[in-house]
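Everything on this sheet refers to the single structure shown next.
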2 protein chains.
Amino acid sequence: MKTVYERADIVPLLAEIFRELGYEGTSLSRITERTGIGKGSLYHFFPGGKQEMAGAVLADVDGWFEHAIYQPLRKDDASEAIAAMWTNVNDYFRSGRRICLVGAFALDETRERFSAEIGDYFIRWIDALRSALMRAGCSEGEAQTLAEEGVAGIQGALVLSRALDDRMVFTRSLDTLAKRFDSVMR
Amino acid sequence: MKTVYERADIVPLLAEIFRELGYEGTSLSRITERTGIGKGSLYHFFPGGKQEMAGAVLADVDGWFEHAIYQPLRKDDASEAIAAMWTNVNDYFRSGRRICLVGAFALDETRERFSAEIGDYFIRWIDALRSALMRAGCSEGEAQTLAEEGVAGIQGALVLSRALDDRMVFTRSLDTLAKRFDSVMR
DNA sequence: CAATCATTGTACCGAACGGTACAATGATAA
DNA sequence: TTATCATTGTACCGTTCGGTACAATGATTG
């Protein structure tokens, strides 16, 4: 018996493993152990090895945020897009039980491998959020500060809620951030 | 020729390596390579191996924060202690070029090894900060929310400034947080 | 049917991993 | 000076690492 995969099916599985174990902590044997996918398949779809696997995961994550978060922030009604961001982010990160792979990669030397992708992800998030805030009436400076505060606040909430093993901390932090945004936008 | 170390001298060196490489990324060979300390010495001072080394580093970090941040927040003048916190944190994290080891450990499976230490570090930080805020006139609920926001904001600012490779982001984030604290405390 | 070819499982590689054993070293104190 | 003992350098252990080679598999196509 032989299970056949597609590259698109493997990437989300890899994503979850990289999220939990980090780049260095993720070994090929643990990938096989958790997914049942052997080295033959992995190196068939990702000839570049572990680095290409992580790169594919980052691209997949980036694509999701671009579609679900950044584009609405840039194009849709500002206050609706911002409100949708809070709920979508809370769902995506599973109320803090799931971490942000890009943020985690930024913290250790893994950053050196993917500095361009990591920088891009956050720059575009902040830019899109600032765009929405300005359309909602903020000045450019005010919007930039608030956008940075929002994105950093989300990342910090992930760290904190995981450290305290308390998902309420994450949801509560998002709520506090949302209220602050509301108060500035009106 | 033979160099002689003391345990207290080794811990800060280990701290810097764990910070940069993470727990899984830190190998004994890289410790030796960077510090010149051989396995003989390392296992003499830390018979428990890598786990004991990281544990000693966490205890050292915790001790520094307890002395330099938490105790002033609990005992000294509230607004002075909070003001000192911003500057001390900015110095300690070298304007964002240095990361928070405890926060980084919280993000991946390393958390499982040190969940007690990690939880303690953040709980005590938040409690001390809330104590100062209440002495400065905040209600308990307001103080708790603001304390969580402050600690999470610092962690998020570390992630963001490293991701963007921009130390100004860290300093600016701390400044924004400080202003928010000031506005609530008066 | 036969041929093709993407996909997979398995065996294997050298290097690096965390950890152990122990003799050489050298400062200290009797 | 000699004995002691904390400390260190080195050689070595079995295991796991990321990665490669390649034959077996099996669906697709002619």
Side-chain angles (χ1 to χ4, degrees), chain A residues 1-60 101 104-105 108-114 117, chain B residues 1-58 60 101 104-105 108-114:
Chain A
M1 161 111 178
K2 173 172 162 179
T3 316
V4 178
Y5 299 91
E6 290 186 24
R7 198 185 131 115
D9 301 327
I10 297 180
V11 172
L13 301 176
L14 294 176
E16 230 47 51
I17 300 174
F18 277 116
R19 253 187 271 266
E20 290 179 35
L21 309 182
Y23 185 82
E24 292 296 336
T26 297
S27 66
L28 300 184
S29 63
R30 295 193 76 168
I31 294 174
T32 299
E33 171 193 330
R34 288 208 187 188
T35 63
I37 305 170
K39 286 188 182 184
S41 306
L42 290 171
Y43 274 86
H44 175 70
F45 291 115
F46 308 96
K50 201 165 97 163
Q51 168 129 4
E52 187 176 342
M53 298 178 207
V57 168
L58 283 179
D60 191 58
L101 188 66
F105 278 8
D108 61 29
E109 61 150 4
T110 310
R111 199 195 80 93
E112 262 61 56
R113 295 178 182 272
F114 304 105
E117 292 87 341
Chain B
M1 161 111 176
K2 173 170 162 180
T3 317
V4 178
Y5 298 92
E6 290 186 23
R7 198 185 130 114
D9 301 327
I10 298 181
V11 172
L13 301 176
L14 294 176
E16 230 49 50
I17 299 174
F18 277 116
R19 254 189 268 266
E20 289 179 34
L21 309 182
Y23 185 82
E24 292 296 337
T26 297
S27 66
L28 300 183
S29 61
R30 296 193 74 169
I31 294 174
T32 299
E33 170 193 330
R34 288 209 187 187
T35 64
I37 305 169
K39 287 187 180 183
S41 306
L42 290 172
Y43 274 86
H44 175 71
F45 291 115
F46 309 97
K50 200 165 96 163
Q51 167 128 5
E52 187 176 342
M53 298 178 208
V57 168
L58 282 179
D60 190 58
L101 189 66
F105 279 8
D108 61 30
E109 63 152 359
T110 311
R111 199 195 80 90
E112 262 61 58
R113 295 178 183 271
F114 304 105

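Proteins come first, then strands; the chains are lettered A, B, ... in the order of their sequence lines, and each starts at number 1.
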Scan the side chains in residues 41-51 of chain A for donor-acceptor partners under 3.5 Å anywhere in the protein, sequence neighbours excluded, and list what turns up.
from: A/K50; atom 1: NZ; to: A/Y23; atom 2: O; distance (Å): 2.9
from: A/K50; atom 1: NZ; to: A/T26; atom 2: O; distance (Å): 2.9
from: A/Q51; atom 1: OE1; to: A/R113; atom 2: NH1; distance (Å): 2.7

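- Taking atom CG of residue A/D9 and atom C1' of nucleotide C/dT7, one finds them 14 Å apart after rounding to whole Å.
- C/dT7 atom C1' lies 7 Å from atom CZ of A/F45, rounded to whole Å.
- Closest of all the heavy-atom pairs between A/M53 and A/L28 is CE-CD2, 3.8 Å.
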Protein N or O to nucleotides 27-29 of chain C N or O, pairs below 3.5 Å:
none

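- For DNA chain C, runs of at least 3 consecutive pairs of the Watson-Crick or G-U wobble type, with both hydrogen-bonding distances under 3.5 angstrom, map to C:1-30 with D:1-30.
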Using a cut-off of under 3.5 Å, enumerate the N/O to N/O pairs linking the protein to nucleotides 18-23 of chain C.
from: C/dG18; atom 1: OP1; to: B/T26; atom 2: O; distance (Å): 3.2
from: C/dG18; atom 1: OP1; to: B/K50; atom 2: NZ; distance (Å): 3.1
from: C/dG18; atom 1: OP2; to: B/L28; atom 2: N; distance (Å): 2.8
from: C/dG18; atom 1: N7; to: B/K39; atom 2: NZ; distance (Å): 3.4
from: C/dG19; atom 1: OP2; to: B/Y43; atom 2: OH; distance (Å): 2.6
from: C/dG19; atom 1: OP2; to: B/K50; atom 2: N; distance (Å): 3.1
from: C/dG19; atom 1: O5'; to: B/Y43; atom 2: OH; distance (Å): 3.0
from: C/dG19; atom 1: N7; to: B/K39; atom 2: NZ; distance (Å): 3.1
from: C/dG19; atom 1: O6; to: B/K39; atom 2: NZ; distance (Å): 2.3

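- As rounded to whole Å, 11 Å separates atom P of D/dG19 from atom CG of A/L42.
- Between the OG1 atom of A/T110 and the CG atom of B/L21 there is a distance of 9.0 Å, given to the nearest 0.5 Å.
- In terms of heavy-atom proximity, A/V11 sits nearest to A/V57 at O-CG2, 3.7 Å.
- Residue pairs meeting the side chain to side chain donor-acceptor pair (under 3.5 Å) criterion with at least one member in residues 29-39 of chain A, sequence neighbours excluded: A/E20-A/R34, A/S27-A/S29, A/R30-B/E109.
- At the phosphate of D/dT8, neither OP1 nor OP2 sits under 4.0 Å from any side-chain N or O atom of B/H44.
- The CZ atom of A/F105 lies 10.5 Å from the CG atom of B/D108; values are rounded to the nearest 0.5 Å.
- Partners of A/E117 under the salt bridge (Lys or Arg N to Asp or Glu O under 4.0 Å) rule, at least two apart in sequence or in another chain, do not exist in this structure.
- No more than 12 heavy atoms of other residues, nucleotides or ligands lie within 6.0 Å of CD in B/E6, so this atom counts as exposed by the packing criterion.
- Contact detail for A/F114 and A/A54: the closest heavy-atom pair is CZ-CB, 3.7 Å.
- Atom CD1 of B/I31 and atom CD1 of B/I37 lie 8.5 Å apart (nearest 0.5 Å).
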